[in-house]
Amino acid sequence: MSTASSPTPRSGPGGADGLADAASVVVEGLHKSYGSLEVLKGISLSVGAGQVVCLIGPSGSGKSTLLRCVNLLETPQQGRITIGDFEVTDPEADVDRMRRHVGMVFQQFNLFPHLSVLENCTVAQLKVLKRDKAEAQRIARGNLERVGLAEKADSYPDQLSGGQQQRVAIARALSMDPALMLFDEPTSALDPETVGDVLAIMRNLAAEGMTMLVVTHEMEFARDVADKVVFMDGGVVVEEGPAAELIRHPREPRTQAFLSRVLNPTQVQAPER
Amino acid sequence: MAMTMHQRARLSRGIQYAVLILVALALIALADWPLLIDKVFNPEIAAQQFPGILVVALKNTLIYTLLGFVVGLTGGVVLALMKLSSVAPYRWLATLYIEFFRGVPALLVFLAFGYGIPLAFGFRFNHYVTVMIALGLVAAAYIAESLRAGLQAVPKGQYEAARSLGMSHARAMVTIVIPQALRIVLPPLTNEVILLTKDSSLVYLLGMGVGQYELTKYGREAISGAGAGLTPLVVAGVCYLIITVPLGILTRRFESKTDRMKKS
């Protein structure tokens, strides 16, 4: 990554606190409810620096909420989250400063439709990191190159396919030099034929040593790329373990039932509940 | 007698054309054309209105509209943000204001400012300030509702994406949400300017000097000049159209331009 060219020392979880490019994540005893509905019931979880952890589980199990708590898009009621040395849940924490270094990729892409692809990748560099325009554009073009869309720099988001939009969204996040990347079902809204391109980019990122926390239904990706897979259901972590092992030999009955449903979708199953 | 659907449709169209032509012919035959031209479309009297109706009346109408719009937009932005505030009393106040000024005739607001305030407090605002406040207060209520709808039409994911890139609340609003909202809001906002242009005719209630006449007042004064008939009002009406029709065209052009920018 091109951090060496950044003249100002970075702060927050990605920089001046003596952290390397990749930060670790530790979640302890996390609770989150909406009114009387308890979505997270005491989640603990850790992602080592440079590791890839995949969150799997049925819809409504709380995995997206957990992910959104990590960069405080949702505010947990209880528990502790730290990214590197930075305590996210500290009430005094500078949340904006933390988010500069935590990339997020959404299911619905959320590209800015009034900005070109290049501007999507430079706007936060300019307005948040205060980089100069030439440098921001150089970094943005580098990241667009990385996701294979350098020639789309001057297009607008709605001229791109879903898969291309998601790749731009990844380039946009990478342009901030994140120490951690959060992926919230990045391929769930995509046409099947474009899923592969997005997953390939994520594989490359993982290989380059990016810390990644990924909510996904792509079991093959989880098995091949993740260091660890966490299975959630009903707001709790049911089971976690090394990816290949958990997916091939789940211990818990709930994990087994879930995996047999997603791995053999054509097989007729008794309806849940 | 059996008719096919096609034949029936042709017959129906034929009848509609026939009615239209008959009515038009009847009007042409019954109207007293020399009188009509003399009293309503008199070219001589129309010519007399120029250049005064342009350099005084049209100019003043534009000034009153602009003054009202500046206050209306400023107030509208504040009210829209209040209405979306997480602090409940702000929301209540904004709702109260909007419901009141949308529900009361603009005429009444003009009367209140033109006569009520001088009576109650014993002082009088400057003419232009009174116009600005009276027009602006009403416009703010309508503009606030358009802006609120525009802001809410921007998907929540846009704000979340901006925040997740480290932008502050204010930065996310200014750089990401408001530019998108403005695009959505432009057509209703143009509509509001057109309404304001027409509401500016209420200024006559305040009483004013000759140099402050706007289009409607100017036309009315010209009528009371000897036997002018309605012609001055027709000219004033055309002047309103000179303002409002291009506004509509401009909006449509802007809309198709942003569409092209995004789709080409």
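Every chain is numbered from 1, with letters handed out A, B, ... down the list of sequences.
- At a 4.5 Å heavy-atom cutoff, the contact between A/Phe112 and chain B is made by backbone and side-chain atoms alike.
- Remark: B/Gln152 CD is packed, more than 12 non-hydrogen atoms of other residues, nucleotides or ligands lying under 6.0 Å away.
- Both the backbone and the side chain of B/Arg163 come within contact range of chain A, each with at least one heavy atom under 4.5 Å from a heavy atom of that chain.
- For A/Arg172, the parts lying under 4.5 angstrom from a heavy atom of chain B are both the backbone and the side chain.
- Within 6.0 Å of the OH atom in B/Tyr240, the count of heavy atoms belonging to other residues, nucleotides or ligands exceeds 12.
- One finds no salt bridge joining A/Lys63 and A/Asp184 here, because no Lys/Arg side-chain nitrogen approaches an Asp/Glu carboxylate oxygen to under 4.0 Å.
- Under the 30°/60° scheme for interplanar angles, the aromatic rings of B/His169 and B/Tyr159 are found to stand perpendicular.
- Residue with the most contacts toward chain B among A/Leu72, A/Asn71, A/Asn110, A/Asp96: A/Asp96 (heavy-atom pairs, distance under 4.5 Å).
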